[in-house]
There are 2 protein chains.
Amino acid sequence: MYSIGDLSKKTGVKIPTIRYYEQMGLIAAPDRTEGNQRRYERRELERLSFIRHARDLGLSIEAIRDLVELSQHPEKPCTGADAIATTHLASVRAKIAQLKKLEHELERIVSHCAGHTVGDCYVIRALSDHGLCEGSMDEV
Amino acid sequence: MYSIGDLSKKTGVKIPTIRYYEQMGLIAAPDRTEGNQRRYERRELERLSFIRHARDLGLSIEAIRDLVELSQHPEKPCTGADAIATTHLASVRAKIAQLKKLEHELERIVSHCAGHTVGDCYVIRALSDHGLCEGSMDEV
DNA sequence: CTAATCTCTCTAGCAGCTATAGGTTCAAGA
DNA sequence: TCTTGAACCTATAGCTGCTAGAGAGATTAG
Ligand SMILES: [Zn+2]
Ligand SMILES: [Zn+2]
Ligand SMILES: [Zn+2]
Ligand SMILES: [Zn+2]
């Protein structure tokens, strides 16, 4: 039997976050002591580790809820689980691509400032005028 | 004189967002008509474009507030502006690095699933056991 | 003048927590 | 057994950067 604090120490998930996950339906409401405090078993420790790992990989609460649901049915085909991971991978890649555009643009802007005063600072000018951007990229 | 809708169309910033920026102190409260509607001038159009561009580059509201402040003082040295951009570039790079770790790990996990059922799905197993992660990377 | 379209303020909601306040319970030492 | 201090409880508000809605008032073209 673990208290919520034990669980927190063992998984690295903060106490309020554990309660939040319970509220969000990622972990079931556990048994309580007579005094109304949560008491967990090993099962819940494992599930919380699962959740933490999934969060560290950037999966959303909703995706994790689905994965947890799936993991309760070992006989089902795993296409659903695979699809969740694959979709997430795609979104990670999309975000990387977008951030690289930003990186590129910021690099250019930062390196072009030869000014000494705000009046002729390239950073300020570049922000004021998107036309100065490389090929006037869409957005950015 | 532009209405808030005009400003919105010209800059691509949605109307509630413009009001939000006003509330956040990025743009000054403009003059009003007798009927209490906002009326803007070219100055504000330019500032809003500046803000939009900065947001597109991922700068925070707070950073933008500082940049706007700085841009009001053309005679000051531009080290502050440059520092904001440089710091932001660093944080973009850090985020890219982190996302690449995720990408790498997700790639590995997704490609390893040869299972057909949830019971032997590598995705589920990998999430359950961080030890399966490459060299047990910290986090992720 | 009327109808259609803006615009106004205020409030609440999104994700994923985190922090506080004000109270109760548990566990260990004397 | 009693006491104290740590841990726990609920409920609520806050964070970022918007976005959506309600319900009321303003503007403008015909
Ligand atoms: Zn500069
Ligand atoms: Zn640009
Ligand atoms: Zn699988
Ligand atoms: Zn891992």
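The basis for the numbers below is simple: all heavy atoms, side chains too, and nothing from hydrogens, waters or symmetry mates. A quick note: this is a predicted structure, and the numbers were derived from the prediction, not measured.
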By the ring-ring contact (aromatic ring centres under 6.0 Å, His included) test, which pairs, at least two apart or in different chains, include something from residues 41-67 of chain B?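 Found A:His130-B:His53.
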Pairs meeting criterion ring-ring contact (aromatic ring centres under 6.0 Å, His included) with involvement of residues 13-40 of chain A, two or more places apart: none
Can you tell me if CZ on B:Arg108 sees more than 12 non-hydrogen neighbours from other groups inside 6.0 Å?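 Check passes, neighbour count above 12.
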Is it true that, when you exclude B:His73 itself, more than 12 heavy atoms of the residues, nucleotides or ligands shown sit nearer than 6.0 Å to its NE2?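 Yes.
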Test of understanding: with salt bridge (Lys or Arg N to Asp or Glu O under 4.0 Å), list the residues that count as partners of B:Arg93, not counting sequence neighbours. A:Glu103, A:Glu107
Using a 4.5 Å cut-off on heavy atoms from C-beta on, say whether the side chain of B:Glu41 contacts that of B:Met1. yes
Walk along DNA chain D from 5' to 3' and tell me the first and last nucleotide with an atom closer than 4.0 Å to a non-hydrogen atom of chain B.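 First-to-last contact on DNA chain D, by the 4.0 Å heavy-atom rule, is D:dG17 to D:dT27.
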Can you list everything that forms a side chain to side chain donor-acceptor pair (under 3.5 Å) with B:Glu44? Sequence neighbours excluded, please.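 Applying side chain to side chain donor-acceptor pair (under 3.5 Å) to B:Glu44 gives none.
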Set of residues satisfying side chain to side chain donor-acceptor pair (under 3.5 Å) with respect to B:Thr11, sequence neighbours excluded: none
Assess, by modelled atom type and distance only, whether the side chains of A:Asp120 and A:Thr117 contain a donor and an acceptor separated by less than 3.5 Å. yes
Side chains of B:Arg42 and B:Tyr2: any donor to acceptor distance under 3.5 Å?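 Judged by distance alone, the side chains do pair up.
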Interface with DNA chain C, restricted to residues 86-99 of chain A and to heavy atoms under 4.0 Å: none
Proximity to DNA chain C (any heavy atom under 4.0 Å), residues of residues 14-26 of chain B only: B:Ile15, B:Arg19
Return the angle between end axes of the helix from C:dC1-D:dG30 to C:dA30-D:dT1, with five pairs used per end and rounding to 10°. 20°
Step by step, would you call A:Arg38 with A:Arg32 a side chain to side chain contact (heavy atoms under 4.5 Å, CB included)? CA-CA 5 Å; A:Arg38 291 168 178 83; A:Arg32 303 274 185 140; 3.4 Å; yes
Would you call A:Asp56 and A:Arg52 a salt bridge, using N to O less than 4.0 angstrom?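 Yes.
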Kindly work out whether a path of hydrophobic side-chain contacts (I/L/V/M/F/W/Y, heavy atoms less than 4.5 Å apart) joins B:Leu102 to A:Ile96. yes
Would you say A:Ile27 and A:Ile15 are hydrophobically clustered, going by side-chain heavy atoms of ILVMFWY under 4.5 Å?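 Result: yes, single cluster for both.
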Taking it one step at a time, do B:Ser128 and A:Ser49 satisfy side chain to side chain contact (heavy atoms under 4.5 Å, CB included)? CA-CA 7 Å; B:Ser128 304; A:Ser49 299; over 6 Å; no
Close residues, residues 33-57 of chain A, relative to DNA chain D [heavy-atom separation under 4.0 Å]: A:Asn36, A:Gln37, A:Arg38
Residues from residues 64-71 of chain B sitting under 4.0 Å of DNA chain D, heavy atoms only?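 Listed by number, there are none.
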I need the minimum non-hydrogen distance between B:Pro77 and A:Val118, along with the two atoms involved.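 Looks like O-CG2, 3.7 Å.
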Which side-chain N or O atoms in residues 64-72 of chain B pair as donor and acceptor under 3.5 Å with protein atoms at least two apart or in another chain?
{"unit_1": "B:Arg65", "atom_1": "NH1", "unit_2": "B:Met24", "atom_2": "O", "d": "2.4"}
{"unit_1": "B:Ser71", "atom_1": "OG", "unit_2": "B:Val68", "atom_2": "O", "d": "2.8"}
{"unit_1": "B:Gln72", "atom_1": "OE1", "unit_2": "B:Arg47", "atom_2": "NH2", "d": "3.0"}

